[in-house]
Amino acid sequence: MPTETPEASLTSGPHEPSLDEQIAAYQREFGDLDPQVEKVVSALGRLNRRMNVAYGRQVADLGISNTEWEVLKTLVLSGSPYRMGPGELAKRLGLTPAAMTHRIDRMAGEGLVTRDRDENNRVRVIVELTDEGRAKWLEAMRMATNFEEGLLQDLSGDERAVLGELLIRVLRRVEHDQPDAGGRLTDLD
């Protein structure tokens with residue numbers, strides 16, 4: 001039985017072609033395609049999809065959704081005491097205020113966040129991470145760290161550093177050319 005090359009196995013199932021097959025089809029249909037560029041972009045796209053699925057499975061094992069994870073992460077990134085207004089949360093996550101309210105309602109019901117009036121401004125609402133929410137975030141981070149270390153296990157430290165710098169350069173280009181692309185085009189819930 002012939003040995004399968006790593007590139008030949010780069011499919012997500014019986015319905016998705018390998019990267020080489022995809023690029024060949026693109027070149028057949030669109031002759032101006034640069035196969036090196038397409039290989040990088042297609043590999044990044046597939047990697048992103050697979051990583052999102054893996055992360056989704058991990059947080060589901062913790063009893064939270066990807067959307068809840070995003071809120072927990074945003075609150076943690078805000079720094080102690082891990083609180084923000086719902087408008088700022090919505091803005092950072094690229095959501096509408098209505099979608100953010102729905103998400104906060106659900107998370108407050110699950111004990112992941114609290115929602116209280118600001119004592120200094122009774123009109124303003126403050127969303128704060130609970131101990132349970134922080135514990136879920138920490139466990140998700142532990143799981144993600146293990147997954148990510150396994151993901152990069154075949155790369156040396158130097159290769160990881162070079163890959164990181166190259167991806168940051170690509171990211172900077174996207175951020176420069178598409179400065180408003182940090183949020184979502186549509187809400188997910």
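We're numbering straight along the sequence, starting at 1.
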Distance check, rounded to the nearest 0.5 Å: [X] atom [atom1] versus [Y] atom [atom2]?
X: Leu44; Y: Met51; atom1: CG; atom2: CE; value: 10.5 Å
X: Leu138; Y: Leu72; atom1: CG; atom2: CG; value: 10.0 Å
X: Thr114; Y: Asp116; atom1: OG1; atom2: CG; value: 5.0 Å
X: Asn146; Y: Gln58; atom1: CG; atom2: CD; value: 8.0 Å
X: Ser42; Y: Asp20; atom1: OG; atom2: CG; value: 10.5 Å
X: Asp131; Y: Tyr82; atom1: CG; atom2: OH; value: 10.5 Å

Using the rule that two of Ile, Leu, Val, Met, Phe, Trp, Tyr join whenever any of their side-chain heavy atoms come within less than 4.5 Å, decide whether [X] and [Y] are in one cluster.
X: Phe147; Y: Leu47; result: yes
X: Met141; Y: Leu75; result: yes
X: Val76; Y: Leu89; result: yes

Donor-acceptor contact below 3.5 Å, side chain [X] vs main chain [Y]:
X: Lys136; Y: Leu62; answer: yes
X: Thr130; Y: Gly111; answer: yes
X: Glu159; Y: Ser156; answer: yes

Can [X] and [Y] be counted as an ion pair, charged N to O under 4.0 angstrom?
X: Glu16; Y: Arg49; answer: yes
X: Asp61; Y: Arg57; answer: no
X: Arg142; Y: Glu139; answer: yes
X: Arg92; Y: Glu88; answer: yes

Looking at every heavy atom in both [X] and [Y], which two are closest together, and how far apart are they?
X: Leu152; Y: Arg160; value: O-NH2, 2.9 Å
X: Ile23; Y: Pro35; value: CG2-CB, 3.9 Å
X: Gly133; Y: Leu129; value: C-CD1, 3.7 Å
X: Tyr26; Y: Glu38; value: CE1-OE2, 3.2 Å
X: Ile104; Y: Pro86; value: CD1-CB, 3.6 Å
X: Gly63; Y: Glu68; value: O-OE1, 4.3 Å

Looking only at side-chain N and O atoms, does [Y] offer a donor or acceptor that is under 3.5 Å from a partner on [X]?
X: Arg106; Y: Thr67; result: yes
X: Glu148; Y: Tyr55; result: yes
X: Arg46; Y: Gln22; result: yes

Taking the side chain as C-beta and beyond, is there a heavy-atom pair between Leu167 and Leu171 under 4.5 Å? no

Residues, nucleotides or ligands: over 12 heavy atoms within 6.0 Å of Asn48 CG: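 Check passes, neighbour count above 12.
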
